[in-house]
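Contents: one structure, followed by commentary.
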Amino acid sequence: MDTQSYNAALADLRTVRDDIKKTQTALAKLEAERDKRIARLAAYDKAKAERIAPAAGLSLAEVVDRAPALAPQPLAAPAEPAPDLATAAEPAHAPQGGEPQPHVPQPAAPAVDTPATGTPQPTPSPAAPAGREDEPRTLPSIPDGEEGDAWFTHTKNLASTRPNFTQQARSTVFLDTDTGILVHRSDTRRLDLGTCSAADLLNAVFHAVPEGAERIYITAGAPWHRDADRHPYLRDAVAAWLNAPTPGWRTDTGRGRDRMAGHFVHARHPVARYLRDDESQHVEIRSMGEWFDLEPGDDPATARDAFVLLWQALRRHWDDAVVMGSPSQTGRDLWTRTIPARGQYSDGYPVLSEELRGLLHATAGQGRNELLAPPRVPEMLPQLVEYDRTFAYAKHTWKSPVGTPKRITGRTFAAWSEKEQARALYGCGHWHIRAAVPDTWDHVGLLPAPAPGDRAWHYPATPGATFTTWAGGPEVHTALTNPLSPWKIEVLDGLLWEDGKPLDDWAKKLKEAWSNLSAQAHFQQDPAQARAAHLASRAIRAIVLYGIGSFAQRPRMVTGTTPRTQERDVPADAEIIGFDDEVITWQKPTGFSRDPNAHPEWAAAIWSGARAALLTQRHRASDTYAGALHAAPGTVIAFRTDALYLTQPQAWPYHQQPGDYLKKGHLTGPLAAPTTEEQLLTLRDAGRAALTPAPTTAGA
């Protein structure tokens with residue numbers, strides 16, 4: 001680019017800037033006009049918010065916020081946080097378990113619901129407007145007396161039991177929608193995919209594979225994003241792609257044992273399910289990103305080989321293992337096949353009462369994600385070093401809570417001896433506590449505390465600060481015994497289970513499969529097969545990660561569509577999440593399902609153990625310690641689920657074992673300290689690229 005073209009490009013950029021300002025001004029005027037019209041409609045004595053919401057393209061809560069007089073009687077009480085929705089990752093994403101949100105045609109049926117991945121209050125009010133971002137959030141507690149004691153039971157006639165059927169495999173194809181390359185078993189061919197609509201994909205695939213396919217994995221291309229520039233949000237683009245006409249096919253709304261039916265709207269990893277009009281064939285279209293991230297050089301054959309290796313590795317431990325549609329489904333199915341046929345829990349693991357499940361959802365967070373910005377860290381960093389815990393969650397499955405928990409009141413805990421208290425905190429418990437940061441504290445926070453905003457958590461570290469929160473035993477134990485200065489903890493209430501090993505056999509088998517695949521990736525001489533083995537090892541990681549998340553069994557969120565001409569049929573308690581000229585897309589919470597594999601106590605215990613290990617972890621073999629508290633104060637830049645970002649390298653041992661800290665990136669400075677997640681991820685990617693030699697594929 002020369003000076004003349006540079007100046008011309010600047011002029012064009014200014015034009016775009018001016019157009020953006022004009023558009024923003026016009027949008028602001030339209031929104032103001034919309035709000036005025038809502039106010040005028042609200043003056044009508046028979047006006048109803050549920051009628052106005054779809055007409056305005058707003059949620060019920062947003063309409064009530066603009067016209068409080070429209071609030072029905074149940075909304076007069078203080079609002080509780082509304083259930084949060086899963087987005088990309090979140091991973092998630094940070095990965096958080098569960099399936100994407102279901103999307104089914106009107107009318108919606110409960111059979112197509114799926115767990116959301118948020119952490120709502122135990123008894124959320126579906127129509128209540130979400131709390132303001134700047135309002136403090138108070139966590140729920142166990143009611144006093146008999147009312148609270150009644151929570152400590154299990155749901156009647158609901159338990160996790162060993163299946164008495166053999167899971168059936170599904171015919172699968174792998175398709176790159178950028179190139180049109182399709183791989184089916186040993187056959188590879190190039191397809192004409194037309195506009196890459198769902199109808200075009202189905203027609204092309206079933207023409208190429210006359211015998212049919214039951215599952216289509218998209219390895220590259222993301223066809224559901226093809227019209228993303230025409231929609232304000234990716235979810236809207238995905239919903240439009242799923243809802244487009246598919247002549248000869250209709251949405252598959254479930255059959256037999258298949259409870260995960262209907263379309264699932266997810267910004268990046270949606271699931272489309274179709275049924276031929278004559279009901280002769282069922283097929284689902286899924287994203288390969290649910291299992292592992294493919295790189296530009298990975299073709300559909302590589303993905304196929306990875307799935308073959310994955311299946312072979314699982315079959316060494318489960319003679320009836322089947323790779324299902326998603327990692328969470330696969331993990332959950334494999335776990336049920338490890339439930340003991342004899343012994344204490346041969347009749348199954350009972351599911352907690354709905355009240356206790358709700359309490360755990362509201363008070364047990366997932367991975368720690370925290371960015372420490374100046375002045376807590378220097379404005380210019382000497383370097384940025386990333387340490388990632390390899391296969392982290394698998395490290396914390398050796399002990400889990402089982403049975404009916406006991407309620408441990410603050411008075412009971414205080415009456416115990418110091419030895420009894422230590423034994424309880426080291427056991428499987430979830431504690432309501434009041435914590436105080438030491439006056440001399442100069443390091444990172446140790447305990448999660450509720451922050452303003454739904455689902456938000458922060459980690460107080462200001463000397464002398466006090467706060468009330470819930471935390472798992474591993475974190476409370478760490479706060480009391482950390483190597484710097486013990487925190488003052490007052491136990492207000494708690495849940496204490498017996499120690500058990502419901503996940504140990506499952507996790508051991510998956511860890512062994514992961515180790516074998518990682519070794520293949522390291523020693524395989526064929527680069528293509530080495531890459532496939534590495535991807536298969538990543539798939540094992542996903543099975544553990546999302547399998548654990550699936551135990552959390554969030555309250556369900558059903559998503560549906562209603563034609564614009566029938567907007568009166570939008571459920572009164574639904575939130576409008578998108579609309580176009582043809583349909584209105586909405587979502588509504590439907591509470592807990594009778595899921596026999598709902599065990600949020602297991603997920604909560606593992607997440608607590610993983611967060612504690614980010615702070616301090618002992619390596620028994622070398623009697624050394626690793627974690628944030630073993631780095632100098634002021635050198636911790638960020639936590640990201642199972643990774644630490646520091647300004648100084650550490651001599652922490654790495655033996656390629658689950659939980660070990662692997663150095664994955666190293667960027668030399670001086671560097672401006674990141675103040676946003678986007679900046680952190682940019683530095684992370686640069687640090688990984690700069691680290692040479694590249695880390696072994698046997699890593700996390």
Side-chain angles (χ1 to χ4, degrees), residues 88-89 91 93 95 99-100 169-191 193 196 198 201-202 204-206 208-209 212-225 264 266 268-273 283-315 321-331 510 513-514 516-518 520-522 524 526-546 697-698 700:
H93 326 58
E99 291 289 332
R170 295 191 179 185
S171 174
T172 302
V173 301
F174 302 87
L175 176 64
D176 182 332
T177 59
D178 281 338
T179 63
I181 297 297
L182 176 139
V183 171
H184 177 233
R185 297 174 183 165
S186 60
D187 183 27
T188 301
R189 62 182 66 190
R190 186 183 298 272
L191 308 183
L193 300 177
C196 270
L201 294 186
L202 292 171
V205 170
F206 279 83
V209 186
E214 294 179 275
R215 186 172 293 135
I216 302 171
Y217 278 116
I218 305 300
T219 62
W224 36 81
H225 292 164
F264 289 74
H266 189 279
R268 301 192 182 277
H269 304 306
V271 182
R273 290 187 172 90
V283 64
E284 61 182 11
I285 303 174
R286 309 190 73 115
S287 166
M288 186 56 66
E290 292 183 78
W291 287 92
F292 40 67
D293 293 328
L294 292 171
E295 296 179 354
D298 296 326
D299 57 19
T302 304
R304 175 206 56 199
D305 292 345
F307 266 66
V308 170
L309 291 174
L310 171 64
W311 177 78
Q312 291 173 343
L314 295 177
R315 278 287 172 131
V322 170
V323 179
M324 301 180 70
S326 70
S328 63
Q329 290 174 320
T330 306
L510 290 173
W514 172 81
N516 290 337
L517 288 167
S518 297
Q520 288 185 53
H522 185 74
Q524 173 63 249
D526 182 346
Q529 285 300 302
R531 177 62 179 165
H534 172 64
L535 293 176
S537 73
R538 297 294 292 177
I540 293 288
R541 177 185 179 274
I543 288 173
V544 172
L545 187 67
Y546 294 111
T697 55

I want to check something: taking the side chain as every heavy atom from C-beta on, are D305 and Q529 in contact at a cut-off of under 4.5 Å?
yes
When rounded to the nearest 0.5 Å, the distance separating OG1 of T172 from CD of E284 is 8.5 Å
Output for pair (S537 OG, H522 NE2), nearest 0.5 Å, gives 13.0 Å
Would a 4.5 Å heavy-atom cut-off, applied to side chains only, mark I540 and L314 as touching?
yes
OG1 of T177 to CH2 of W224, rounded to nearest 0.5 Å, is 7.0 Å
When rounded to the nearest 0.5 angstrom, what distance separates CG in D178 from OG1 in T219?
8.5 Å
For residues V283 and I216, determine if any side-chain heavy atom of one lies less than 4.5 Å from a side-chain heavy atom of the other.
yes
Out of curiosity, Q329 CD to M324 CE, how far, rounded to the nearest 0.5 Å?
5.0 Å
For the residue pair E290 and A542, what are the closest heavy atoms and their distance?
O-CB, 4.4 Å
Over all atoms of both residues, closest heavy-atom pair of L193 and A204:
CD2-CB, 3.8 Å
So do the side chains of I285 and L175 get within less than 4.5 Å of each other, counting heavy atoms only?
no
Just wondering, do V323 and W291 contact through their side chains at under 4.5 Å, heavy atoms?
yes
Do R185 and S171 have side-chain heavy atoms sitting under 4.5 Å apart?
yes
What heavy-atom pair brings A306 and L535 nearest, and what distance separates the two atoms?
CB-CB, 3.8 Å
Between F307 and Y217, what is the ring plane arrangement, given parallel below 30°, perpendicular above 60°, and tilted in between?
tilted
If you measure only the distance, is there a donor-acceptor pair under 3.5 Å linking the side chains of T302 and D299?
yes
Mind checking whether H184 and V205 have side chains closer than 4.5 Å, heavy atoms only?
no
Does any part of the side chain of F292, heavy atoms only, come nearer than 4.5 Å to the side chain of H534, both counted from C-beta?
no
d(S186 OG, R304 CZ) to nearest 0.5 Å is 7.0 Å
